Undergrad: 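Pasting a structure below so you can have a look.
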Amino acid sequence: MVRFSEYYLTTTKEETANSDIPSYSLSLRAGMIKKIASGVYAFLPLGYRILKKIEKIVREEMDKTGAIEMLMPALQPGDLWLQSERWQKYGPELFRLKDRNDRDFCLGPTHEELITYLASLDIKSYKDLPVNLYQIQVKFRDEIRPRYGILRAREFIMKDAYSFSADETDLDIIYKKMYGCYSSILERLKLKYYAVEADTGLIGGKYSHEFIILAKNGEDEIVYCPICGYAANYEMAKFKSKKQNIDEPIGEVLQVHTPAVTNIKSLADFLKLPADKIIKTMLLNDKGGNHYAVLLSGDRELNIPKVEKIAGCSLELVENNATGAEMNIGFLGPAGLDSKIKIFADNIIKGRCNMAAGANKKDYHIVNLNYPRDFEVDVWGDFSFAYEGDLCVNCGSPVNFEKGIEIGHIFKLGTKYSKKMGALFLDSEGRLNPMIMGCYGIGVSRILAAVIEQLHDAKGILWPVCIAPFLVNLVAINMEDPDITSNAEKIYEILMREGFEVIFDDRNVRAGVKFKDSDLIGIPIKLIIGKNYAENEEIEIELRKDGTKMKMGVSQTIDFIKSYSQKNFF
RNA sequence: CGGGAUGUAGCGUAGCUUGGUAGCGCGCAGCGUUCGGGACGCUGAGGUCGUGGGUUCAAAUCCCGCCAUCCCGACCA
């Protein structure tokens, strides 16, 4: 296939500065990518080979589900984004630009607007539905902090699919197909992953799943139950608290002078109470200036998205200085709170007794608060994050925590875009309806990094056979020995005739360099031609996976490679 | 956006405090010796010291602006 000496590939022995995680450092050292600007990378020939193989797998699995491939422009007119109102909502993450006539454009971070626009032009009847369209395209997001190389880049390659259907049932069918599709993609790539319940934000009421690849350096955290298989995004995770409600005689309400004690830790020290006997009162407000107080056990953290979900609007924490003295930030509590403020209380507090909380008065707290004697609650719910030691919401076993990389996200969009952009169809009774949409993304270039993140060792990358840039590296031990070179050439011919993806390391460098490069790049099989081939016609085989070494004749070697490639190791 | 740092050959860096010849390692080219897990010797090519201005007889070095890159920061009742 290719001769190393003629190929475009340079590897480096030394790491580059700031290549802080293995996948980044190795993809630079193996000569797969090159950084062009912050968060912008070029795929060099080796990296591009791998990328194309990943694309191929994604494409095959998508096609199997009946999804149809197309290609939309990366450059999109601002008008469409005005229609969906995302032009206003998206913020600086959206790459915006103007053409010579001063018209607004953006570089697409996703393609909902475009696809919905296209569907509105072409789809008129329920007979045209359902349909699931996808593309593999470059996306742009002006990330606040691009990092970890290709894992979190500003320009990246993504497969995104958009489904249109006439009813929820068809949406469910496609959603399930996509769920299955993503699972098969990740299984073919030999990745360890979880499909977790994810936050839909305020947009979609329905559910969504994230596909998370387990990795120490991941930026996402998941909570899962090893017993029953429950898995969720850290922010979303439901759980049961282990702590029992304490049964003790109800005490009398007392006001305590607590000068300048404004946080849980100092209050716990001051009152000599454990943090979970304190009610933490967090104040949020919505865009309309309405306040919401959230009561939490003192040892828990506020989970704003969970509150937003119940409140039905986006919320912000009230800043310390924002409301000034009249709110008594630092001394808030449920008892005697301004009645205009809605009180949300975490279920964990339910049944607890003799709690301490702020007195809504500077420098004072109250002890021995008891519900419902001393305060009211408008809404009970789950408003905190799961902690180590919490229990599975389904089966009650302790939950585990794991870091990971978000690789895919499937989402039921509903009619958000179709309504705004007029993507309507006539149903069988002649009524006009907005199409029901779903969107399904998977990060193609991110997969490349994620695979390395999961599959590498001290020597380099361990590619699964299905995406390895080459299956076989033919190493001629010494290019100045005519016997060795002529034998290697002969074997090279045979391997090519067999149709194997082979790179022939014909460089005039020492054997050690060839071995190191081969391991770094992560080619699954090394075939080594040295002196002993001339002696007994046996090829030395070494496997990257575990360093296994074997010797066998040419035809057995061919058979071995065939069967090895079919097994798709890792 | 706030805080902190850094920019010197393709890559990694020294020199800057105390202004005066730009140095080292890797890589690259040539020659020779080597040749089964990143060899060695000799020779050589390669630098607007991020950029613009200022101070000075003289600036990689001191001062100011700009640009780029990197790190940290979203939990406080």
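This is a predicted model, so every value here is computed, not measured. A note on names: the letters A, B, ... follow the listed sequences, proteins ahead of strands, and every chain is numbered from 1.
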Undergrad: Is there, by distance only and without an angle test, a donor paired with an acceptor across the side chain of E540(A) and the base of G36(B) below 3.5 Å?
TA: yes
Undergrad: Go through the N and O atoms of the side chain of N478(A) and the base of G36(B), and report whether any donor-acceptor pair is under 3.5 Å.
TA: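 For N478(A), whose side chain was compared with the base of G36(B), there is no donor-acceptor pair (under 3.5 Å).
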Undergrad: Where the side chain of T11(A) is defined as all heavy atoms beyond and including C-beta, which of G37(B), U34(B), G38(B) is the nearest nucleotide?
TA: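 For the T11(A) side chain, the nearest candidate turns out to be G38(B).
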Undergrad: Does either side chain, that of N303(A) or that of E235(A), offer a donor lying less than 3.5 Å from an acceptor on the other one?
TA: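 E235(A) and N303(A) do not have a side-chain donor-acceptor pair below 3.5 Å.
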Undergrad: What is the nucleic acid contact for L267(A), judged by heavy atoms within less than 4.0 Å: base, sugar-phosphate only, or nothing?
TA: nothing
Undergrad: Using a 4.0 Å heavy-atom cut-off across all strands, classify I304(A) as base, sugar-phosphate, or nothing.
TA: nothing
Undergrad: Could you tell me whether K35(A) contacts a base, only the sugar-phosphate backbone, or nothing, with contacts defined as non-hydrogen atoms closer than 4.0 Å?
TA: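 Touches sugar-phosphate only.
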Undergrad: Does any N or O in the side chain of R29(A) come within less than 3.5 Å of the main-chain N or O of T12(A), such that one atom is a donor and the other an acceptor?
TA: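 Yes.
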Undergrad: Under 4.0 Å between a side-chain N or O of T12(A) and OP1 or OP2 of G27(B)?
TA: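 False: T12(A) side-chain N/O out of range (4.0 Å or more) of G27(B) OP1/OP2.
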Undergrad: What is the distance, to the nearest angstrom, from the OH atom on Y8(A) to the P atom on G10(B)?
TA: 14 Å
Undergrad: Reckon K514(A) touches a base, only the sugar-phosphate, or nothing at all at heavy-atom distances under 4.0 Å?
TA: nothing
Undergrad: N532(A) side chain: which of G36(B), G25(B), C70(B) is closest?
TA: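 So the side chain of N532(A) is nearest to G36(B).
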Undergrad: Can you check the distance between C63(B) and G25(B), where both ends of the measurement are the P atom (answer in whole Å)?
TA: 31 Å
Undergrad: Would you measure the distance from the C1' atom in U61(B) across to the matching atom in G7(B) and give it in whole Å?
TA: 14 Å
Undergrad: Please give, in whole Å, the distance from A77(B) C1' to D363(A) CG?
TA: 13 Å
Undergrad: Tell me the interatomic distance from E235(A), atom CD, to C75(B), atom P, rounded to whole angstroms.
TA: 11 Å
Undergrad: In terms of side-chain heavy atoms of L332(A), which of G38(B), A77(B), C26(B) is nearest?
TA: A77(B)
Undergrad: Find which nucleotide of RNA chain B each of E15(A) and I264(A) is nearest to by heavy atoms, and output the residue with the more 5' nucleotide.
TA: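 Here E15(A) is the residue nearer the 5' end.
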Undergrad: Given D382(A), which partner from the list K240(A), K350(A), K306(A) fulfils the salt bridge (charged side-chain N to carboxylate O under 4.0 Å, His left out) test?
TA: K306(A)
Undergrad: Is G530(A) touching bases, backbone alone, or none of the nucleic acid, heavy atoms closer than 4.0 Å?
TA: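 Result for G530(A) = base.
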Undergrad: Check every strand shown and say whether D481(A) touches a base, only sugar-phosphate, or nothing at a heavy-atom separation below 4.0 Å.
TA: nothing
Undergrad: For this output row, return yes or no: ring centroids of F385(A) and Y234(A) closer than 6.0 angstrom.
TA: yes
Undergrad: Nearest whole angstrom, please: distance from the P of U34(B) to the CE of M479(A).
TA: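 These atoms are roughly 19 Å apart.
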Undergrad: So if I take every side-chain heavy atom of A511(A) and compare against G37(B), G36(B), A39(B), which nucleotide ends up nearest?
TA: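 The closest nucleotide is G36(B).
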Undergrad: Round to a whole Å and report the spacing from OH of Y41(A) to C1' of U69(B).
TA: 11 Å
Undergrad: Students often get this wrong, so: under 4.0 angstrom with heavy atoms, is T281(A) touching a base, only sugar-phosphate, or nothing?
TA: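 Touches a base.
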Undergrad: Start with the C-alpha distance between R3(A) and D506(A), add both sets of side-chain angles, then the distance that settles salt bridge (charged side-chain N to carboxylate O under 4.0 Å, His left out), and finish with yes or no.
TA: CA-CA 6 Å; R3(A) 288 166 185 271; D506(A) 60 342; 3.7 Å; yes
Undergrad: Quick one: which of G27(B), A77(B), G37(B) gets closest to the side chain of K516(A)?
TA: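 The answer is G37(B).
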Undergrad: Rounding to an integer number of Å, can you tell me how far L283(A) CG sits from A77(B) C1'?
TA: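 So the two atoms are 9 Å apart, to the nearest Å.
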